[in-house]
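See below for the structure under consideration.
Quick caveat: nothing in here was measured; it's all calculated off a predicted structure. In what follows, every chain begins at residue 1, and chains take the letters A, B, ... in the order their sequences are listed.
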There are 2 protein chains.
Amino acid sequence: MYGRYTQDLGTFAKDEAARLRLQEGDTPRPRHPSELLEYSQGRCAPCRVCALQCQRFLISKVGEDWVFLILLGLVMALVSWAMDFAIATCLQAQKWMYGGLDTNVLLQYMAWVTYPTVLITFSAGFTQILAPQAVGSGIPEMKTILRGVVLKEYLTLKTFVAKVIGLTCALGSGMPLGKEGPFVHIASMCAALLSRFLSLFGGFYENEARNIEMLAAACAVGVGCCFAAPIGGVLFSIEVTSTFFAVRNYWRGFFAATFSAFIFRVLAVWNKDEETITALFKTRFRLDFPFDLQELPAFAVIGIASGFGGALFVYLNRKIVQFMRRQKTINRFLMKKRLLFPALVTLIISTLTFPPGFGQFMAGQLTQKETLVTLFDNQTWAKQGISNEFEYLGILEAWHHPRSNVFVTLIVFILMKFWMSALATTIPVPCGAFMPVFVIGAAFGRLVGESMAAWFPDGIHTDSNIYRIVPGGYAVVGAAALSGAVTHTVSTAVIVFELTGQISHILPVMIAVILANAVAQSLQPSLYDSIIRIKKLPYLPELGWGHQEKYSVRVEDIMVRDIRYVTLNCKYRDLQQVLHSTKMKNLPLVESAESMILLGSIERTQVGALLSNQLSPQRRVLTLRQKVLSEDGHGLSDSSIRFQISTETSSGTPARPALRKPLKPALKRVPSSPADSPPAGSADHTGIALKSLFCANATTEPTEAQGTAYHKAKRVRISIVEEMILGDKMTPAEILEWEEQQLDQVVDFSSAKIDPAPFQLVEHTSLHKTHTIFSLLGLDHAFVTSIGRLVGMVSLKELRKAIEGSLTGKGVKVRPPLASFRDSTASTTEADTTALRQLWNRHQHQHMPREAGPGGDDDDDAPK
Amino acid sequence: MYGRYTQDLGTFAKDEAARLRLQEGDTPRPRHPSELLEYSQGRCAPCRVCALQCQRFLISKVGEDWVFLILLGLVMALVSWAMDFAIATCLQAQKWMYGGLDTNVLLQYMAWVTYPTVLITFSAGFTQILAPQAVGSGIPEMKTILRGVVLKEYLTLKTFVAKVIGLTCALGSGMPLGKEGPFVHIASMCAALLSRFLSLFGGFYENEARNIEMLAAACAVGVGCCFAAPIGGVLFSIEVTSTFFAVRNYWRGFFAATFSAFIFRVLAVWNKDEETITALFKTRFRLDFPFDLQELPAFAVIGIASGFGGALFVYLNRKIVQFMRRQKTINRFLMKKRLLFPALVTLIISTLTFPPGFGQFMAGQLTQKETLVTLFDNQTWAKQGISNEFEYLGILEAWHHPRSNVFVTLIVFILMKFWMSALATTIPVPCGAFMPVFVIGAAFGRLVGESMAAWFPDGIHTDSNIYRIVPGGYAVVGAAALSGAVTHTVSTAVIVFELTGQISHILPVMIAVILANAVAQSLQPSLYDSIIRIKKLPYLPELGWGHQEKYSVRVEDIMVRDIRYVTLNCKYRDLQQVLHSTKMKNLPLVESAESMILLGSIERTQVGALLSNQLSPQRRVLTLRQKVLSEDGHGLSDSSIRFQISTETSSGTPARPALRKPLKPALKRVPSSPADSPPAGSADHTGIALKSLFCANATTEPTEAQGTAYHKAKRVRISIVEEMILGDKMTPAEILEWEEQQLDQVVDFSSAKIDPAPFQLVEHTSLHKTHTIFSLLGLDHAFVTSIGRLVGMVSLKELRKAIEGSLTGKGVKVRPPLASFRDSTASTTEADTTALRQLWNRHQHQHMPREAGPGGDDDDDAPK
């Protein structure tokens with residue numbers, strides 16, 4: 001509520017306006033049939049009436065969630081299918097070129113290498129020019145957006161186009177890149193655009209809370225229609241984007257993802273690719289005895305090894321990015337020629353996979369899809385057992401090298417693809433890392449499976465029946481485990497079941513995925529969190545499991561005690577000082593420096609607006625006029641009319657569009673009292689001061705549109721005002737004097753928008769609970785109070801430091817880095833220890849929050 | 001934070017104490033090896049040292065989450081397996097009896113009927129005597145507990161024993177009852193007991209936040225080890241118990257549920273029941289062409305019909321319970337003979353299923369498990385197509401009746417089982433409804449499937465290959481759809497995949513489940529919510545999807561404006577009046593009746609304690625003594641010592657154990673100022689008043705243990721005090737006079753525990769957002785403020801009314817019932833309308849919150 005509060009009440013106004021529009025649209029509508037009756041001489045009048053009614057019915061239905069979700073699912077399925085089609089065409093074109101030139105190896109090589117390089121370079125250039133936001137996976141950004149942070153230009157049509165075309169070209173090049181991360185982003189953009197489009201029919205789609213819910217559903221659709229895996233899609237999107245999940249959204253996600261997956265697969269049937277709706281990578285393992293109990297250790301080994309591998313992948317990926325950034329020479333060169341890096345990487349990778357060259361040792365001629373199909377194959381490749389002369393048929397042949405065995409091919413494949421994928425995903429094109437990792441995992445699983453099959457040619461089971469080992473099952477387990485380790489998700493297990501259409505290996509898959517997660521989570525952040533950190537997006541680290549110390553660290557250990565605040569009876573000069581001394585976006589408003597009772601929070605921009613209004617040329621001119629007119633004796637009413645005009649004009653100037661939507665006008669307004677009268681006696685008693693706040697005028701509201709850079713606004717205003725009134729007759733010295741005089745006045749908060757219920761914590765709230773609240777409500781700061789008294793503030797930064805500091809330490813060792821906050825800011829006037837804490841922190845001092853100075857000049861005692 | 005705040009800080013103290021205990025336990029331990037060195041003449045000293053170190057290591061590991069989860073999984077798997085074994089034995093015993101007596105139908109009937117009647121009656125009686133809380137499903141209660149509500153005696157060993165034994169007997173009787181709901185409860189109890197047991201080794205398990213997380217994992221384990229469905233278990237438990245789910249718990253649930261399912265199935269392998277780990281109800285549908293695209297409408301029909309059926313089931317179940325309650329004659333009779341109702345119901349149901357009787361038309365001889373196995377069968381029962389003379393083999397024979405066809409049998413089965421299940425689940429024994437509903441759904445699906453098979457004997461597909469329709473697939477779809485409709489969950493889809501070991505029907509299952517949910521959710525609450533309402537547990541209804549009006553209703557429309565409050569400068573008499581005039585559990589503490597600034601909330605019991613302390617006989621005697629001693633001139637120090645003794649004694653009296661854990665002592669304490677000095681001048685200025693609150697003494701803290709019924713406490717105390725001091729020398733009239741005098745004193749809040757940050761909303765918060773916050777934070781009330789001023793309160797009740805009221809109305813019609821709140825309480829002094837709202841509510845008045853009376857006697861103007 002609190003973090004998004006600001007926006008929501010802005011949208012609330014919009015919402016209401018839209019509703020009014022709609023209602024007004026409804027009221028005059030009954031005219032239409034009567035108007036139409038005039039045309040009733042014409043034939044199709046009843047038809048028209050009917051059509052009109054249908055239209056009205058449809059418009060009323062447009063607002064319902066399921067219509068939106070069906071449309072979203074449909075659009076995404078079409079996008080996904082069309083992209084798959086385009087990508088398949090691109091890949092076939094490459095194969096055709098490569099195949100057609102088999103007379104000359106050099107020409108073949110040129111074709112094999114040039115094609116992907118051109119595609120990737122085009123993709124990188126296109127994305128760079130149209131929308132640089134489309135680069136990369138998109139899941140890290142969606143995670144940030146779903147946390148309530150507004151990322152600029154992230155959900156626009158331009159980005160959508162750039163992402164779709166860029167991704168198609170990137171995947172069409174045959175590089176080890178995935179489409180799943182970008183698809184989450186594409187689906188989210190699709191949802192955002194769709195809701196903007198549908199809002200033309202009604203105001204339903206302008207509510208921010210609802211839009212967030214729809215974005216969460218869209219993420220599920222993205223994964224769901226990418227893999228035709230509705231359940232896995234929903235779960236995966238929950239795991240990678242949310243910290244807390246509303247179960248009521250769950251159902252939205254399932255609905256849209258199922259519909260989308262259904263359409264996606266139906267398109268394949270209609271296109272005669274498939275006979276009926278089945279899984280994307282259908283496997284045909286035997287059902288009666290999928291695996292032996294004694295094979296479980298091997299699956300566990302796959303899980304643990306995948307955990308290490310996943311952590312290594314994330315580490316490698318991050319190191320490559322950091323290396324590219326740090327090497328200044330390379331960096332400068334690359335910055336000039338932005339497209340060189342993608343081209344170079346593509347060149348290296350495609351050279352190495354060139355089938356007649358090194359590619360023959362790593363099944364280089366197979367596309368990602370073909371690789372997966374062969375890896376999940378039912379047969380055993382190793383030449384043991386009965387089928388001693390196993391024949392490599394069709395595409396399986398790629399894995400077979402006459403002068404080496406299948407183990408070598410698999411090992412080379414895994415090693416080469418590992419660094420290639422880590423490198424390729426750093427290319428600035430729209431791309432994901434899930435699919436490449438999935439393939440590597442499958443290859444690793446296959447390797448273990450083949451080894452097991454070679455070790456136990458007749459299976460392990462000692463009873464009468466011989467059940468051979470199925471290496472394909474190991475490949476499935478490996479794919480789930482490695483992708484689970486890289487993304488820190490368990491739902492990859494569900495994705496593989498839906499991808500393969502078989503659930504018989506559920507237990508091995510679950511065991512491997514859980515073990516892989518346990519290992520990977522203790523070593524590295526997930527790939528998406530790693531990207532979030534690299535891109536420096538605002539984030540809140542997860543609390544790992546088993547960190548008992550989280551339950552004992554408390555807000556008072558991590559909070560910032562030395563914060564700037566605004567008092568109810570402060571002067572404009574104090575406001576100026578506060579603005580200069582802090583960069584906080586939200587300032588606490590307290591009753592007085594003595595009582596420190598927190599009344600609310602005021603945005604920095606609001607404080608700027610207050611100041612700018614106080615020092616505005618209009619007011620200056622008005623004062624001047626008033627002085628002159630009061631000598632005439634009857635000018636007051638005239639001036640107030642003038643003033644109203646001037647504010648109306650100023651409200652017409654465009655407000656800053658990119659900034660957060662404004663706070664709600666918390667103050668009740670009484671329409672006709674003059675705006676510039678200072679609230680008389682607001683300093684003497686709280687009750688009266690508050691009442692004056694309540695009943696004060698707010699006709700100066702439009703000034704909120706003025707930015708913090710109020711000097712700029714001043715200049716804009718001057719021209720308007722100068723045209724209106726006689727012109728500014730003061731000299732600069734007079735202006736300065738006047739401004740100084742104005743700054744000494746007591747602030748009139750009546751026109752400012754105050755958030756009356758900022759989020760409050762108490763000192764003893766545990767870190768664990770604070771983390772929960774921050775992630776539940778999407779906060780970025782919270783004030784710490786003690787019986788209404790403001791004693792400190794915690795922001796995302798402090799929380800992040802506390803959690804990450806403690807992740808490195810063990811147990812109670814977490815305290816030293818945290819204690820530094822306390823020691824640096826607190827003074828030692830009063831001991832503030834409960835009996836229990838006294839026992840515990842016997843040698844540590846705990847201090848009262850800073851006592852405010854005795855004077856009323858509350859901001860001067862703040863050491864800067 | 002807010003709702004659970006009260007408890008958490010109570011547990012925090014415990015936690016710290018436990019940690020201290022542990023640390024103290026750690027420090028002296030190094031003694032042990034040195035002590036052991038004295039015995040080093042003995043042989044096994046190194047062994048002992050080693051064992052000791054191992055033990056210490058193990059104890060340090062005990063605190064980690066995964067140890068707990070593994071233990072929980074292990075225990076639950078064992079319980080589940082043992083219960084399954086016992087149930088199977090019970091059922092076999094019945095069959096054996098029935099089979100052995102096949103010479104005499106009457107004897108056979110007696111055996112068939114008596115056996116379940118005895119078992120059910122025993123189960124009902126046993127549960128009734130040992131722990132009545134064990135009756136029923138347990139999921140509704142777990143949902144309430146996970147919302148933060150403490151239910152008495154719900155997670156104790158006694159309830160555990162009662163539930164396990166009662167459930168075994170109930171299921172062993174062969175009634176249409178399920179084990180899944182109770183298993184959620186059993187797993188939760190198991191987790192609670194385990195954490196209490198493990199807390200003997202360390203204080204880790206005493207944190208309430210952590211316990212809630214563990215309970216959530218336990219629910220997943222419950223479902224997981226019941227069906228051997230780890231993924232479905234986690235998802236199902238999330239859907240039925242949570243509103244908001246922390247993704248970090250997800251992983252805990254998966255871990256424990258997978259381990260539990262693994263052990264559960266491994267036990268079956270070790271017991272030679274199975275060859276390897278496979279699904280519980282393994283199906284063998286063909287993989288290459290599981291279903292035709294043109295069959296999808298049939299699946300959709302199953303989904304929609306299941307939706308109606310599920311809603312009907314919930315309705316029927318509720319009506320039966322309500323009928324039994326309302327019929328006073330029946331009720332009075334049944335209350336006397338509690339065991340008669342279970343016996344009667346069992347008698348009716350078992351009579352109807354008697355195989356040689358009516359049971360032959362409804363496969364009455366099959367157990368629930370056998371029924372499912374046969375329904376999921378691969379073959380087609382209807383006598384069409386090639387296998388014209390289909391032979392009913394083995395247990396399949398039960399479905400075949402020589403004089404009727406399989407359709408009749410299925411229809412009779414569905415109809416009879418439907419009401420039987422709805423009736424049987426109202427029996428006061430531990431039982432769930434999931435499994436019976438699942439079976440009915442499977443039968444319905446089979447019916448549709450058989451009809452389709454009869455209609456299209458050669459399948460629908462028109463191409464070269466003939467793919468026959470698989471009625472077993474329809475049964476799977478029907479089972480998932482009906483159970484999804486009754487429980488309002490989508491994850492039953494995942495459960496069926498895990499139960500059957502096949503995922504090939506994913507799309508039909510998802511479509512049917514989603515349609516069933518859409519229909520059922522619009523008609524009835526889920527079975528669990530229905531039970532919650534019947535049992536009158538505190539709950540918050542879900543916001544249905546597509547309720548746009550939720551976004552426009554605001555807190556000010558639903559809040560209660562006329563609330564009682566406590567002011568900082570009030571008198572004890574006012575406290576008394578507040579206590580008499582309201583039943584609210586938490587009273588707001590405001591600065592004064594004029595300013596209405598909310599300072600915090602104080603528990604009702606705290607107010608009671610304040611009053612009881614003020615009027616306590618000790619204080620009376622002390623005043624008396626002081627008066628006497630002050631005449632001596634030096635008695636002050638003496639009396640203060642006495643006072644300390646007296647409070648120490650009183651703290652030794654047992655506190656009410658069942659009440660909520662106490663609020664944290666929000667007030668800072670300075671150890672040595674006398675407790676009974678009234679805070680001088682606390683009424684004249686806020687700052688000083690608050691400072692006095694901050695620095696005041698709290699040696700009177702133990703009085704919090706006194707209840708609201710302070711008169712009782714008084715009587716208990718009198719005896720203690722009388723022994724200590726000279727005895728009570730006042731006459732009743734004097735006491736009354738003294739008490740009246742005491743009541744006129746200004747309240748000293750220094751000893752009361754005040755929650756300094758109660759949850760606050762603002763008037764414009766939308767209902768949707770309020771609902772989110774309430775369910776996120778598990779609140780049961782929130783104060784509504786406007787710039788720090790208290791203007792109203794919203795509790796669960798208001799929210800519930802608002803949501804349920806609006807569920808019946810459509811669109812904007814929601815306003816009238818809500819507007820009643822506003823009109824009844826508000827006065828028309830000031831108009832409080834923003835420009836937009838003014839436009840909208842042109843004819844509706846909006847009023848300022850009630851202005852407090854001019855006098856300081858703030859509680860007298862409250863009309864009662």
Side chain, backbone, both or neither of A/Leu235 within contact of chain B (heavy atoms, under 4.5 Å): both
- prompt: Are the side chains of B/Arg265 and A/Leu507 in touch, meaning some heavy atoms are under 4.5 Å apart?
  reply: no
- prompt: For A/Phe259, is it the side chain, the backbone, both, or neither that has a heavy atom closer than 4.5 Å to a heavy atom of chain B?
  reply: neither
- prompt: Quick one: what part of A/Leu293 sits under 4.5 Å from any heavy atom of chain B, side chain, backbone, both or neither?
  reply: both
- prompt: In terms of heavy-atom proximity below 4.5 Å to chain A, should B/Ile506 be classed as side chain, backbone, both, or neither?
  reply: side chain
- prompt: Which heavy atom in B/Ile503 sits nearest to a heavy atom in A/Gln502, and how many Å separate them?
  reply: CG2-N, 3.5 Å
- line: OG1 (A/Thr258) and CD1 (B/Ile514) are apart, to the nearest 0.5 Å, by 3.5 Å
- prompt: Which region of B/Phe262, side chain (C-beta onward) or backbone (N, CA, C, O), has a non-hydrogen atom less than 4.5 Å from a non-hydrogen atom of chain A, or is it both or neither?
  reply: both
message: Does any backbone or side-chain atom of A/Phe254 lie under 4.5 Å from a heavy atom of chain B? Answer side chain, backbone, both or neither.
response: both
field: Side chains of B/Trp251 and A/Gln521 in contact at under 4.5 Å (non-hydrogen atoms)
entry: yes
query: Which atoms of A/Ile231 come close to chain B, meaning under 4.5 Å heavy atom to heavy atom: side chain ones, backbone ones, both, or neither?
result: side chain
- line: Counting heavy-atom pairs under 4.5 Å with chain A, the top scorer among B/Val490, B/Val234, B/Thr283, B/Val266 is B/Val490
